[in-house]
Amino acid sequence: MCGRFTLKTPAPQLFEQLSLQLDPAPLGDFPARFNIAPTQSIIAVLGDKGELAPIWMRWGLVPSWSDDLSIGSRMINARSETVSEKPSFRKPFAKQRCLIPADGYFEWQTTKVGSKSTKQPYWIHLPQDKPFVFAGLWDTNTKATGETVLTCTILTAAAAPEIASLHDRMPVLIKPADYQTWLSSEDKEQVERLVKEPVYDETFGPHLWRYHPVSTAVNNPRHDSEANIAQVATT
DNA sequence: CCAGACGTTGTT
DNA sequence: GTCTGG
DNA sequence: CCAGACGTTGTT
DNA sequence: GTCTGG
């Protein structure tokens, strides 16, 4: 699944490597991130009348009917298998899809040594740490605070065989050729296929994932430095 | 009809 | 154990 | 996802 | 807002 990720690639380079033609100016300046956690601001790219535009959104979807932002902490992921049916995700899946740029994400393996369990994080990334986009959904909410809050969630699917030993779920990726379909198609079947039966080739896809163990400093969301993605030895 | 949930993950 | 905050 | 709180009153 | 459970 995906509950923590990285985005260290600077803006102009980021969108170029993602094959996204858009103006990063609306985002303002932002630092390299090595531990992005739920409830924090993340970048969502949406289709804006044909043009694509990036915008900051709070991670953790808060449905429009909710009067409490805290529900977002439990809506950080949406299962692709059921996303078209769930009350909280159905409308966003139909009309409010987005792309969420990242260049790596973390998974944890829990291992027990005697009675003590330890959580070993791994950083998962593509060769050359090339950026990619998660399939995302967004919604707006004004009931909770009186202000309009934009929020989003990341879709998950069964893990690719290459990383299944690490975890049985993984985030859903959208390849450049499918950006436009994901963002603006009104063909439900076509959109559903992108997350349920994704087609990849040798240049893109989960089979290219690399991963290595990293410091447990990552476990604490307050720790956000480049050291978070350095390989460490496991014991 | 109204009340209450609306979600995922992991672990047991 | 369960929920909230980051 | 993991970490950290989980409660109230009164006082500073 | 919409669905499920009672």
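Protein chains get the first letters and strands the later ones, always in sequence-line order, with residue 1 at the start of each.
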Which listed nucleotide (dG4(D), dT8(B), dC3(E)) is nearest to the side chain of N77(A)? dT8(B)
Rounded to whole angstrom units, what separation is found between the CG atom of D68(A) and the C1' atom of dC6(B)? 13 Å
Tell me what H223(A) touches on the nucleic acid: a base, only sugar-phosphate, or nothing, going by heavy atoms under 4.0 Å. nothing
Of the candidates dG7(B), dG6(C), dA3(D), the side chain of N219(A) sits closest to dA3(D)
For dC2(D), which nucleotide is its Watson-Crick or G-U wobble mate, given both distances must be under 3.5 Å? dG5(C)
Would you please test W209(A) and Y105(A) for ring-ring contact (aromatic ring centres under 6.0 Å, His included) and show each step? CA-CA 11 Å; W209(A) 291 129; Y105(A) 68 100; 5.3 Å; yes
Would you kindly give the CE-to-C1' distance between M57(A) and dG6(C), to the nearest whole Å? 19 Å
Suppose you measure atom C1' in dG10(B) against the same atom in dT2(E); what distance do you get, rounded to whole Å? 29 Å
Measure from the side-chain heavy atoms of T110(A) and tell me the nearest of dT11(B), dT9(B), dT2(E). dT11(B)
Using whole Å, what does the distance between atom P of nucleotide dC1(D) and atom CD1 of I42(A) come to? 16 Å
Given dG6(C), dC2(D), dT8(B), which nucleotide is nearest the side-chain atoms of R79(A)? dT8(B)
From the list dG7(B), dC2(D), dT2(E), which nucleotide is the closest neighbour of the side chain of R90(A)? dT2(E)
Rounding to the closest angstrom, what is the interatomic distance between dG4(B) and dG6(C) at atom C1'? 28 Å
Any base atoms under 4.0 Å from F89(A), or only sugar-phosphate, or nothing? Heavy atoms, all strands. sugar-phosphate
State which of dC6(B), dC1(D), dT2(E) makes the closest approach to the side chain of W65(A). dC6(B)
Under-4.0 Å side-chain N/O to phosphate OP1/OP2 contact, S88(A) with dG7(B): yes
Among dC1(D), dC6(B), dT8(B), which nucleotide sits nearest the side chain of T82(A)? dT8(B)
Distance, P atom - from dA3(B) to dG5(C), rounded to whole angstrom: 27 Å
Within the 6.0 Å centroid threshold, strictly below: W59(A) and F5(A): yes
Phosphate oxygens OP1/OP2 of dT9(B): is one of them under 4.0 Å from a side-chain N or O of T156(A)? yes
Distance-only donor-acceptor test (3.5 Å): side chain S73(A), base dG5(C): yes
Which nucleotide sits closest to the side chain of R74(A): dT4(C), dG6(C), dT9(B)? dT4(C)
Between dT8(D) and dT4(C), how many Å separate the two P atoms, rounded to a whole number? 15 Å
What class does the angle between the rings of Y211(A) and Y122(A) fall in, given that below 30° is parallel, 30 to 60° is tilted and above 60° is perpendicular? perpendicular
From L18(A) atom CG to K130(A) atom NZ, the distance as rounded to the nearest 0.5 Å: 8.0 Å
Rounded C1' spacing from dC2(B) to dT12(D) in Å: 48 Å
Can you measure from CG (L7(A)) to CD1 (I42(A)) and round to the nearest 0.5 angstrom? 9.5 Å
Among dG4(D), dG1(E), dG10(B), which nucleotide sits nearest the side chain of R169(A)? dG10(B)
S70(A) side chain: which of dG7(B), dA3(D), dG5(C) is closest? dG5(C)
For K196(A), is the NZ atom crowded, meaning more than 12 foreign heavy atoms sit under 6.0 Å from it? yes
If we call it a pair only when both distances are under 3.5 Å in a Watson-Crick or G-U wobble match, what pairs with dG7(D)? none
Given the C1' atoms of dT9(B) and dC1(D), what is the spacing between them in whole Å? 9 Å
